[in-house]
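First up is the structure itself, then whatever we jot down about it.
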Amino acid sequence: MTILLQNAVFGLLIGGLYGLGAVGLSLVFGVLAVLNVAHGELIMLGGYVSVWLFTLWRVDPFVSVLAAGPLLFLGGAALFRLLFTRLASYSEEVRIKNSILIGFGLALVLQTLAILAWGADERAVTPSYAGRVAAIGNVVVPLSRLGAMALAFLVLGGLHLFLTRTRAGTALRATADDDQAATLVGIPIGRIYLTAFALGSALAGVAGALVSVSDAISPAIGLGWTLKALIVIVLGGMGNIFGTFVAGLFLGVAESMSGFLLGNAYREVVGLVMFLIVLSVRPRGLFSR
Amino acid sequence: MTRIRGAAWIMGAFVVGALTMLPLVTSSRSVLTWGFLVFLYAALAQSWNLLGGLAGQVSLGHAAFFGLGAFVTRVLWLGGQSLATALAAGTAVVIAAGILIGAPTLRLRGPYFAIGTLAVAEILRITTGNLFPEVSTLPARSLAGYALAPRYYLALGAAVVSTLVVWALARSRFGYGLAAVREDEDVAEAIGVHVFRHKLAVFVLSSALAGATGGIFGYYHLSFYPQFVFSPLWTFDALLITFLGGAGTMWGPPLGAAFYLLFREALALRLVEIHLLIFGALFVLVVLAFPGGLIEAWRMFASRWIAVRERGG
Amino acid sequence: MSGDRQGLLQLEGLTKAFGGLLAVSRVSFDVAEGEILGLLGPNGSGKTTLLNLVAGALRADEGRVRLAGRDITSLPARTFQLVRPLSKLSALDNVLVARLYGRDAPGFTAARRESLQLLDVVGIRGKADAPAAHLTLMERKRVEIARALATQPRVLLLDEPLAGLNPTEVDAALNIFRRIRDSGITVVLVEHNVRAVRALCHRIIVLNYGQNVVQGAPDDVLARPEVIEAYLGKASADFQ
Ligand SMILES: Nc1ncnc2c1ncn2[C@@H]1O[C@H](COP(=O)(O)OP(=O)(O)O)[C@@H](O)[C@H]1O
Ligand SMILES: [Mg+2]
């Protein structure tokens with residue numbers, strides 16, 4: 001019983017990051033109808049920002065979040081200008097299809113660049129508090145993961161406030177709802193697209209830095225994170241931040257439980273199978289509007 | 001236009017004829033290996049082209065079928081079955097898998113089909129890696145009798161057959177139905193095309209060809225981890241070659257495959273990483289700027305050239 | 001239509017709601033063989049939805065559609081309110097694929113020949129090899145009509161085929177429709193252009209809020225005050 005509870009706790013803690021990793025992808029897809037399948041590679045880059053800041057100057061990974069976010073924001077804006085602006089003129093269907101193809105190539109480029117620059121090995125940050133735990137009864141809670149989860153929750157809350165309480169956020173939501181109508185009421189849609197993509201990338205960067213708090217970073221982790229983000233989106237519904245967070249927690253728990261019951265090798269498979277089942281029952285996701 | 005097409009056919013027949021002779025005039029390992037790889041990639045890309053190019057269904061899970069074909073064929077062949085039996089059984093398993101996987105995923109619309117197929121392929125890859133972690137190496141007795149020529153001919157056959165399938169489909173009723181599905185599913189349904197049946201049929205056909213091609217790879221390769229043949233890189237290569245040559249065209253994939261491997265060799269980019277970088281960037285460039293691929297460029301060139309000549313003469 | 005003569009196309013109590021919105025509400029009428037029936041009504045009155053129900057593109061909540069006495073799903077051919085050519089295919093191929101999948105589909109060569117004839121009927125044989133994406137709106141509409149005809153439907157559903165055309169083009173299109181009418185095919189025509197409706201239709205049905213409000217001969221229906229009322233505003237310019 002304790003061991004199940006322990007697994008559930010681990011699942012919840014990693015699940016918060018799944019939610020954060022997915023929300024940027026969801027935002028970009030919702031606003032631009034661009035499915036950036038290189039989103040996981042952006043998370044990987046965010047992880048490397050933290051790894052390097054730690055290796056060079058012993059910067060705490062929680063502080064590195066402050067660098068990873070803005071850096072990926074700029075990187076995302078550049079990528080958008082370079083690769084995705086042209087898509088805006090296509091119909092939604094063509095846009096999605098081409099963006100998947102472009103993202104597929106981009107993922108390969110980013111992953112290869114990372115290998116060339118930093119080698120294929122895993123790298124980890126080792127702050128002094130790594131491995132410290134708090135015990136609640138028989139269940140242990142790793143403090144670094146708890147911190148990452150708390151920060152993920154705060155970022156998502158901030159995003160929610162941004163989207164609902166600010167002018168720019170409202171414009172973003174309007175564009176996601178109906179880009180033609182948004183144009184009609186005078187929203188500068190090109191700038192909104194750019195902002196949304198950059199913001200989505202920044203969220204990936206933050207997620208990556210938080211991943212590095214407790215997990216090793218390597219160039220190959222991108223595809224796995226993209227798939228997790230897609231699973232979470234399908235479970236949690238598009239454009240629903242709270243739903244995304246809950247779905248992330250759910251996926252985390254499901255993974256760690258099945259890892260415990262079926263063997264660690266099948267952790268990943270369980271999420272993918274859930275994903276396919278949900279898609280075949282509800283082809284547009286569980287909580288979709 | 002007919003003249004260009006006629007010229008392409010004559011050239012194609014000539015090239016295939018010359019390629020058939022190749023093993024008779026040379027026994028150079030590097031030449032035959034290179035030829036083998038061009039055909040293998042051409043066949044794989046052509047099988048994706050059938051689904052993605054002709055029918056417009058962008059699958060990101062193609063590696064699943066290549067891998068399944070390679071794995072099953074390899075296991076049976078090494079288990080003592082004749083090559084023909086092993087290949088046939090491998091392809092049959094892939095056909096069954098194509099139906100099982102295609103039926104649910106093809107109901108998904110838009111991006112969900114691409115992601116769904118990717119998820120299926122990843123499930124297969126991870127599971128295979130878990131169940132069969134050991135490397136598969138040809139035993140000594142097979143190595144002693146290993147000859148490249150039969151592998152070469154098999155791959156050539158696969159490339160020719162898959163190209164002829166695309167050719168025949170493109171001018172059949174079924175092929176026209178697929179084109180309608182690709183352009184607009186609602187319109188297709190409105191003019192009497194049963195969209196789902198068409199998609200499933202072409203999905204299974206495409207999988208079968210990919211599986212047979214995988215089987216040939218399983219027969220060819222000396223030593224690999226089972227997980228390797230399920231790698232998403234096989235999907236990427238198929239997509240890259242198809243788009244490089246021209247998606248939805250008959251000559252695109254063979255042309256793209258030759259170009260891809262020439263480029264790889266010529267630049268001596270044997271370091272996997274660097275060639276992936278260049279091809280990844282090239283792929284993005286082609287999708288963004290030259291959606292018609294090499295074939296489109298060649299057609300534009302050829303029709304200009306004819307126009308110039310006719311004006312001159 | 002008098003009740004004793006059975007129509008080729010019969011709609012019985014068709015109903016369709018989108019969420020809480022009743023788009024089509026218990027609509028019943030018959031269309032006789034060879035008849036051109038005009039379907040009028042203000043925007044949002046449910047005309048396109050009704051065509052979708054008849055074409056089988058939407059499933060009715062209640063009621064049914066029968067063709068020649070049998071329940072049907074998707075036999076009638078149709079054009080789309082917003083033209084939808086198969087963009088990358090040539091004009092000829094657009095028609096050819098429909099012919100290949102249509103009723104009594106012939107072999108490839110014959111289908112090609114018949115498709116070229118259809119392009120002739122709609123007057124764009126000269127553009128047979130042009131990709132549909134490169135055609136003008138009028139030309140695309142012609143392709144779409146030829147494509148619908150190519151399935152050899154017993155009933156043809158046309159959704160605002162004249163919208164967006166200039167007066168010259170409308171005249172050209174009217175000529176095409178007259179030829180179609182004279183070939184004996186049964187047509188349900190949704191159209192705001194009153195001149196066209198008057199010129200082509202044998203009978204008119206007016207929908208409002210998804211309900212069948214008026215029906216009768218074109219001149220009678222178009223003279224009724226409630227019909228003019230419904231049209232005052234947007235389409236009143238057409239009432240010349
Ligand atoms: N797919 C749909 N989903 C929700 N509402 C729809 C849909 N299609 C049509 N409607 C609504 O049904 C009503 C009838 O629409 P429509 O049949 O297009 O009218 P018309 O063609 O007469 O202009 C309108 O209020 C429209 O907004
Ligand atoms: Mg309408």
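Proteins come first, then strands; the chains are lettered A, B, ... in the order of their sequence lines, and each starts at number 1. Hydrogens, waters and symmetry mates play no part in the numbers below; they use all other heavy atoms, side chains included.
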Interchain contact, [X] with chain A, by part (heavy-atom threshold 4.5 Å):
X         : result
Leu239(B) : side chain
Phe113(B) : neither
Ala114(B) : side chain
Leu60(B)  : side chain

If you look at every heavy atom in [X] and [Y], which pair is closest and at what distance?
X         : Y         : answer
Val284(B) : Leu106(A) : CG2-N, 3.7 Å
Leu272(A) : Ala119(B) : CD2-CB, 3.8 Å
Leu101(A) : Phe283(B) : O-CE2, 3.1 Å

- request: Could you tell me the separation between the CG atom of Leu223(A) and the CZ atom of Arg125(B), rounded to the nearest 0.5 Å?
  value: 7.0 Å

Between CZ on residue Phe104(A) and CG on residue Leu240(B), distance to nearest 0.5 Å: 10.5 Å

query: Among Ile126(B), Leu285(B), Leu288(B), Val58(B), which has the most heavy-atom pairs under 4.5 Å with chain A?
result: Leu288(B)

query: With respect to chain A, which residue among Pro232(B), Pro104(B), Pro111(B) yields the maximal number of heavy-atom pairs within a distance under 4.5 Å?
result: Pro111(B)

- prompt: With a 4.5 Å heavy-atom cut-off, do Leu118(B) and Val37(A) have their side chains touching?
  reply: no

query: So, do Leu108(A) and Leu233(B) sit near enough that their side-chain heavy atoms are less than 4.5 Å apart?
result: yes

Over 12 foreign heavy atoms within 6.0 Å of CZ, Phe250(A): no

message: Heavy-atom count check: over 12 atoms from other residues, nucleotides or ligands less than 6.0 Å from Tyr225(B) OH?
response: no

Part of [X] within contact of chain B (heavy atom distance under 4.5 Å):
X         : value
Leu276(A) : side chain
Leu82(A)  : backbone
Ile102(A) : both

Full working for side chain to side chain contact (heavy atoms under 4.5 Å, CB included) between Ile115(B) and Val234(A): CA-CA 11 Å; Ile115(B) 306 163; Val234(A) 165; over 6 Å; no

query: Under a 4.5 Å heavy-atom cutoff, which of Leu35(A), Thr226(A), Leu230(A) has the most pairs with chain B?
result: Leu230(A)

